[in-house]
Amino acid sequence: MTPAIQTVDLHKRYGNKTAVHDLTLTVEPGTVFGLIGPNGAGKTTTLRMLLDIIRPTSGTATVLGQPPRTGGPSLRRRIGFVPGELRLEGRVRGRALLRHFAEISGPVAPGVIDGFADRLGVDLNRQVRTLSKGNKQKLGLIQAFMHRPELLVLDEPTSGLDPLVQREFLSMVREARANGQTVLLSSHVLSEIQQTADHVAVLAEGRIVAEGDVASLRLGRIRRIRASVDGVPAAVLEAELRVLGQVRDLIVNGDGIVRIGATVDGDIDPVVKLLASHHVLDLAVEEPDLEESVLRLYGAEANGPMEEVHGA
Ligand code: ATP
């Protein structure tokens with residue numbers, strides 16, 4: 001089957017700064033492909049090259065079987081795109097703006113626009129300039145999804161959306177896949193990629209530093225934990241935790257109530273069970289900042305060859 005997207009050695013330089021370095025990736029049709037990486041990793045640059053908004057310095061790309069450069073409007077109509085920075089100004093109302101986009105993108109089935117607007121909770125009767133950033137973003141999502149394009153290219157689509165709306169958006173992505181559409185989703189939020197993507201590429205400093213299915217991605221195994229425990233001396237708790245190989249950056253302090261902070265890189269179950277053998281007063285488990293995780297796991301490899309993370 002023809003890949004939905006195929007790039008070979010795609011490269012983009014701005015002056016002497018390389019934004020994307022010889023990027024080779026394949027997005028299979030009917031899948032959700034997650035592109036994650038910290039700010040400045042090259043995600044937006046990559047997506048823009050796929051849409052022919054900017055041109056690569058070297059390398060090739062095909063999108064739905066065609067080069068973006070020559071695909072023209074007929075190729076663009078088969079793609080729904082949410083740009084990273086969506087600017088919507090002016091007195092035009094949301095509904096009129098979406099109708100205008102529909103004239104360009106191709107037919108939109110009756111009721112689809114209102115259906116998405118209801119789900120995302122945006123008022124289409126307001127002038128777009130009066131909408132908040134999040135509500136503008138919702139219009140951006142509707143224009144990308146409304147004509148049921150074969151391919152959705154979404155650049156940090158949930159920025160500015162509150163958690164309930166983010167959840168609705170993730171359902172829309174899963175429904176798109178169920179309809180046979182392909183989705184390329186960029187994000188610096190690991191959890192949203194984990195909830196939707198079939199396949200993930202981690203981008204750092206313009207290079208893919210890891211690629212694989214979501215389950216095999218080591219990034220997802222890193223957690224930061226904080227806990228307060230009593231009934232055990234700090235030194236004893238510290239010694240118990242240090243035995244567990246997956247506990248790093250351990251800080252233990254306090255008399256009576258012992259406070260701990262640590263990074264868990266791997267299976268969290270033994271850590272939780274160990275804590276639970278004492279009297280736990282408080283426990284917080286957080287996803288670390290993506291930049292920190294990428295640097296921790298792949299920093300040394302960012303200038304080296306690509307690593308496959310299957311079974312890591
Ligand atoms: P973010 O999440 O912050 O948008 P990103 O992963 O999308 O990050 P890009 O916007 O693609 O990253 O940027 C990649 C690198 O290229 C960055 O170092 C950025 O400063 C640089 N860059 C991007 N656009 C230009 C430009 N027009 N001129 C010069 N440098 C640029």
Side-chain angles (χ1 to χ4, degrees), residues 5-25 27 32-61 63 68-69 79-88 133-134 136-137 140-141 144 151-161 166 169-170 173 183-197 199-212 214 217 219-220 287-299 301-304 306-307 309:
I5 297 172
Q6 170 93 68
T7 74
V8 179
D9 293 339
L10 203 61
H11 199 90
K12 180 67 184 179
R13 245 191 341 262
Y14 293 106
N16 57 8
K17 158 99 199 162
T18 300
V20 172
H21 194 103
D22 291 345
L23 191 79
T24 296
L25 59 82
V27 179
V32 178
F33 189 106
L35 192 60
I36 58 170
N39 291 336
K43 305 180 295 293
T44 299
T45 304
T46 302
L47 302 190
R48 286 187 179 156
M49 287 191 279
L50 297 175
L51 286 141
D52 197 39
I53 297 167
I54 55 173
R55 298 254 157 101
T57 312
S58 59
T60 58
V63 176
R69 184 165 189 169
I79 305 170
F81 177 51
V82 174
E85 275 178 35
L86 185 67
R87 287 208 192 91
L88 295 177
K133 180 173 185 288
K136 287 181 183 174
Q137 188 68 10
L141 291 175
L151 172 65
L152 284 150
V153 177
L154 310 173
D155 191 3
E156 308 246 357
T158 58
S159 66
L161 300 181
Q166 285 183 18
F169 162 75
L170 295 178
V173 169
V183 183
L184 174 57
L185 172 65
S186 95
S187 180
H188 62 262
V189 184
L190 184 59
S191 55
E192 97 186 9
I193 296 283
Q194 282 175 318
Q195 286 174 57
T196 50
H199 194 88
V200 181
V202 182
L203 210 59
E205 297 178 5
R207 297 170 198 262
I208 294 181
V209 291
E211 189 175 358
V214 172
L217 204 70
L219 286 176
E287 188 179 296
D289 177 63
L290 184 61
E291 180 151 21
E292 188 190 317
S293 323
V294 167
L295 288 177
R296 175 183 294 276
L297 283 173
Y298 305 114
E301 296 149 20
N303 295 318
M306 186 181 98
E307 182 207 16
V309 295

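For ligands, and for the atoms within them, numbers begin at 1 and follow the listed sequence.
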For [X], counting its heavy atoms only, list the atoms of ligand 1 lying under 4.0 Å from any of them.
X: Glu156; value: 2 (O)
X: Pro38; value: 6 (O)
X: Lys17; value: 18 (O)

[Y] and [X], any side-chain heavy atoms less than 4.5 Å apart:
X: Phe33; Y: Ile5; value: no
X: Leu10; Y: Asp22; value: no
X: Leu47; Y: Leu35; value: yes
X: Val183; Y: Thr196; value: no

Using a distance-only test with no angle check, is there a side-chain donor-acceptor pair under 3.5 angstrom linking Glu205 and His21?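 No.
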Considering non-hydrogen atoms of the protein only, which is the closest contact for [atom], and what is the distance?
atom: atom 13 (O) of ligand 1; value: Thr45 OG1, 3.8 Å
atom: atom 10 (O) of ligand 1; value: Thr44 CB, 3.6 Å
atom: atom 8 (O) of ligand 1; value: Gly40 N, 2.6 Å
atom: atom 31 (C) of ligand 1; value: Tyr14 CD1, 3.3 Å

Taking distance alone, with no angle check, do [X] and ligand 1 share an N/O pair under 3.5 Å?
X: His188; result: no
X: Thr46; result: no
X: Ala19; result: no

Walk me through it: do Leu152 and Val173 pass the test side-chain contact (heavy atoms from CB on, under 4.5 Å)? CA-CA 9 Å; Leu152 284 150; Val173 169; over 6 Å; no
Heavy-atom distances under 4.0 Å decide this one: backbone, side chain, both or neither, for Ser186 against ligand 1?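 Looking at Ser186 and ligand 1, no heavy atom falls under 4.0 Å.
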Could you walk me through whether Thr24 and Asp9 satisfy the side-chain contact (heavy atoms from CB on, under 4.5 Å) test, starting with their C-alpha distance in whole Å, then the side-chain angles of each, then the deciding distance to 0.1 Å, before giving a yes or no? CA-CA 5 Å; Thr24 296; Asp9 293 339; 3.4 Å; yes
Can you find a protein heavy atom under 4.0 Å from atom 20 (O) of ligand 1?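 Looking at atom 20 (O) of ligand 1, one finds that no protein heavy atom lies closer than 4.0 Å.
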Atom 17 (C) of ligand 1: protein heavy atom closer than 4.0 Å?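 So atom 17 (C) of ligand 1 has protein heavy-atom neighbours under 4.0 Å.
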Looking only at heavy atoms, what is the nearest atom pair of Gly140 and Val82, with distance?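 Smallest interatomic distance, heavy atoms only, reads O-CG2, 3.6 Å.
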Which residues satisfy the side chain to side chain donor-acceptor pair (under 3.5 Å) test with Gln6, sequence neighbours excluded?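 So Gln6 forms a side chain to side chain donor-acceptor pair (under 3.5 Å) with Thr26.
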For Thr44, check side chain to side chain contact (heavy atoms under 4.5 Å, CB included) against everything at least two apart and list the hits.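 Side chain to side chain contact (heavy atoms under 4.5 Å, CB included) check on Thr44 returns Arg48, Asp155.
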Under 4.0 angstrom from ligand 1, any heavy atom of Gly42?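 Yes, Gly42 has a heavy atom closer than 4.0 Å to ligand 1.
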Is Gly15 close enough to touch ligand 1? Criterion: a residue heavy atom under 4.0 Å from a ligand atom.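 No; Gly15 lies far enough from ligand 1 that no heavy-atom distance drops under 4.0 Å.
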